[in-house]
Amino acid sequence: MFCCPYIMWRSGGEDLQGFYPVRPECLADVPRTRFKSRAGKTLSARRWHAAFTEDGHLDMEKVLRRIQRGGIHPSIKGAVWEFLLGCYDPDSTFDERTKLRTLRREQYAAWKQECKTMVPVLGTGTYITMAVVQQNGEPIDESSVENQGWVVKETVRDERVLQWMLSLHQIGLDVARTDRYLSFYEDGANQSKLWDVLAIYTWLNLDIGYVQGMNDICSPMIILFEDEADAFWCFERAMRRLRENFRATATSMGVQTQLGVLSQVIKTVDPRLHQHLEDLDGGEYLFAIRMLMVLFRREFSFLDALYLWELMWAMEYNPNMFATYEELEDRNNNNNAADDPKLLKRYGKFERKYVNSGKNERHSNTIAVFVVASVLQTKNKRLLKEAKGLDDVVQILGDIAGNLDAKKACKEALKIHEKFLKKANRP
């Protein structure tokens, strides 16, 4: 499905959407793509390969600088994302990463086989779209028609297995709707890969379970990585940042913590707008849930959403991420970085603020919160003048689809963040 990277680059990137073709009948319904590859700014395949030493150590400082200037060329997105998301340590060698990749693929294969013994549909190129068990664990015989002839044959008594099986058809229903305007998902085998990865992730993370929106985060990984195991590990690392947003109880969603931070940000930097939203019963900022849960997938075209993600991840990059995820001893901890300007450059622009302040725990204060704040700021006048109720707020914000510039939104987010810190720390 990929076009020739060399031709695309030489053509000035005017047709980058060709990397992620849209079905002809859907062209009129998807947001327009604004991202363009720009020579000297966008991280190209040539610049990417030149950033490695002979044995494979990566100059992450150069890579981050280039990404923050102009994003990543589609031909290398997957490879770069693995470093941005902490799958691999930039200080590792080619050989070390090859060994780790092999181990991870073997681990994923073992997990997949474990799941397949419970649900044989897994890995067959098809997926489940109808419930297979009742809440009490009793099988649903009529599910076989929709589920490729497979049924649960006996009552499921293990609570963990039952919880997982109850989620499988919902994953399937969401998979069938995911990015269906992309030609990639016309192939049912690709939809099946998405279902497999989400099903296995859910089995391994039943404390969170499956929540709608995870499919939107996982889909780009399936498209970017040919190997399903590599896609899984990239998704798993992305979810390390986002999983608390998906944690739900009977009365709340984890994302409400970030909504609370958003409320404080707007109250601090734009008190008039905050008061107006409060008067409309919108002070809890529930209208922003979707933006934070699926990282603006609805507000941008597919390619622009990926561009926004990599800008945010580059700005939030922490070189200790890999060691933290692998539960290793940090090679360079944040406290040392605060006193070392050279080491500090290995952090993203946004992350440096927290390193300098000595604050490491900041799940709620991700740059995504400030990107939402920047969106609200761009619609400030319309919201104050035209919004007479929450439906008006939703409609005004809905009009931004396809009309946002990802880089500008991130730049404004950094400015709002700076303004917020100054005002919040003022005596």
Side-chain angles (χ1 to χ4, degrees), residues 1-2 4-6 9 19 43-67 71-116 122-123 189-190 193-194 196-198 200-201 204-205 217-241 306 309-310 313-314 317-332 346-348:
M1 65 167 286
F2 294 117
C4 173
Y6 178 76
W9 187 258
F19 277 84
L43 179 64
S44 66
R46 182 178 66 83
R47 289 278 187 178
W48 170 244
H49 296 307
F52 289 93
T53 62
E54 187 175 343
D55 65 351
H57 291 87
L58 177 63
D59 187 338
M60 202 63 188
E61 181 187 335
K62 285 184 179 179
V63 169
L64 291 177
R65 191 163 59 240
R66 182 69 66 160
I67 295 171
I72 303 168
H73 191 268
S75 62
I76 54 169
K77 274 189 193 295
V80 183
W81 279 22
E82 288 182 308
F83 286 90
L84 282 181
L85 291 170
C87 294
Y88 296 110
D89 186 351
D91 289 333
S92 61
T93 65
F94 289 128
D95 287 343
E96 288 171 336
R97 292 194 292 276
T98 296
K99 290 177 183 177
L100 182 54
R101 187 183 297 278
T102 299
L103 286 173
R104 285 179 175 164
R105 288 178 175 178
E106 290 172 352
Q107 177 64 80
Y108 180 75
W111 285 331
K112 189 169 185 176
Q113 185 57 42
E114 178 186 7
C115 292
K116 190 174 176 63
L122 219 99
N190 291 330
K193 281 177 64 177
L194 177 58
D196 286 357
V197 168
L198 289 169
I200 293 167
Y201 179 83
L204 298 171
N205 295 272
I217 303 300
C218 187
S219 173
M221 318 303 180
I222 301 300
I223 294 173
L224 291 179
F225 293 94
E226 184 175 347
D227 190 282
E228 185 180 308
D230 296 343
F232 169 85
W233 285 106
C234 197
F235 171 62
E236 192 273 341
R237 289 302 193 247
M239 286 300 296
R240 296 286 185 111
R241 298 165 173 262
L306 305 197
W309 288 9
E310 61 208 24
W313 293 339
Y317 183 77
N318 186 314
N320 299 316
M321 197 167 16
F322 172 81
T324 300
Y325 292 163
E326 298 293 317
E327 298 182 350
L328 304 173
E329 182 179 351
D330 288 356
R331 298 183 181 185
N332 299 301
R346 299 186 68 188
Y347 290 74

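All values derive from a computational prediction rather than experimental measurement.
Listed here is the closest heavy atom pair of Val63 and Ala51: CG2-CB, 3.9 Å. When all heavy atoms of Pro90 and Tyr317 are compared, the closest pair comes out as CG-OH, 3.3 Å. Taking every heavy atom of both residues into account, Leu194 and Cys218 meet most closely at CD1-SG, 3.6 Å. The two residues Phe322 and Gly86 have their closest heavy-atom pair at CD1-O, 3.5 Å. Across all their heavy atoms, Leu122 and Cys115 have their closest contact at CD2-CB, 3.8 Å. Ala238 and Ile217 get closest at one heavy-atom pair: CB-CG2, 4.4 Å.
Judged by distance alone, the side chain of Arg240 and the main-chain N or O of Met321 form no donor-acceptor pair under 3.5 Å. Formation of a donor-acceptor pair under 3.5 Å by the Lys77 side chain with backbone atoms of Ile72 is found in this model. Side chain of Asp196 to backbone of Gly123: a donor-acceptor contact under 3.5 angstrom is found. For the pair Lys193 (side chain) and Ile223 (backbone), a donor-acceptor distance under 3.5 Å is absent.
Separation of atoms CG (Leu64) and CG (Leu84) is listed at 6.5 Å; rounding is to 0.5 Å. To the nearest 0.5 angstrom, Tyr325 atom OH is 13.0 Å from Trp233 atom CH2. Rounding to the nearest 0.5 angstrom, the gap separating the CZ atom in Arg47 from the NE2 atom in His73 is 14.5 Å. In this structure, the separation between CD on Glu106 and OG1 on Thr102 is 6.5 Å, given to the nearest 0.5 Å. To the nearest 0.5 angstrom, Ser219 atom OG is 9.0 Å from Leu306 atom CG. The distance from atom CD1 of Ile222 to atom CZ of Phe232, rounded to the nearest 0.5 Å, is 10.5 Å.
A salt bridge links Arg237 to Glu326: at least one charged side-chain nitrogen sits closer than 4.0 Å to a carboxylate oxygen. With respect to the salt-bridge test (charged N to carboxylate O, under 4.0 angstrom), the residues Glu82 and Arg97 do not qualify.
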Checklist entry - Given the rule in the side-chain contact (heavy atoms from CB on, under 4.5 Å) test, do Phe225 and Val197 qualify, once you have shown the distances and angles that lead to the verdict? => result CA-CA 12 Å; Phe225 293 94; Val197 168; over 6 Å; no
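Ring orientation note: the planes of Phe235 and Tyr201 are nearly perpendicular, at an angle over 60° on the 30°/60° scale. Note on ring orientation: taking the six-membered ring where Trp is involved, the planes of Trp309 and Trp81 are tilted (angle from 30° to 60°). Aromatic ring pairs are classed by plane angle as parallel below 30°, tilted from 30° to 60° and perpendicular above 60°; the pair Phe83 and Trp48 is perpendicular.
Between the side chains of Asn320 and Tyr347, at least one donor-acceptor pair of N or O atoms lies under 3.5 Å.
Around the NZ atom of Lys116, the shell of radius 6.0 Å holds more than 12 heavy atoms that belong to other residues, nucleotides or ligands. In this structure, Glu226 places its CD atom where only 12 or fewer heavy-atom neighbours from other residues, nucleotides or ligands lie under 6.0 Å away.
Taking the side chain as every heavy atom from C-beta outward, Phe19 and Ser75 approach each other to under 4.5 Å. Considering only heavy atoms from C-beta on, Asp91 comes within 4.5 Å of Arg346 through its side chain. Residues Arg105 and Asp227 meet the side-chain proximity criterion, which asks for heavy atoms closer than 4.5 Å. Proximity of Asn205 to Glu236: side-chain heavy atoms (C-beta onward) are nowhere separated by under 4.5 Å.
The side-chain hydrogen bond (donor to acceptor under 3.5 Å, both in side chains) check on Asp55 picks up Thr53, His57, with sequence neighbours excluded.
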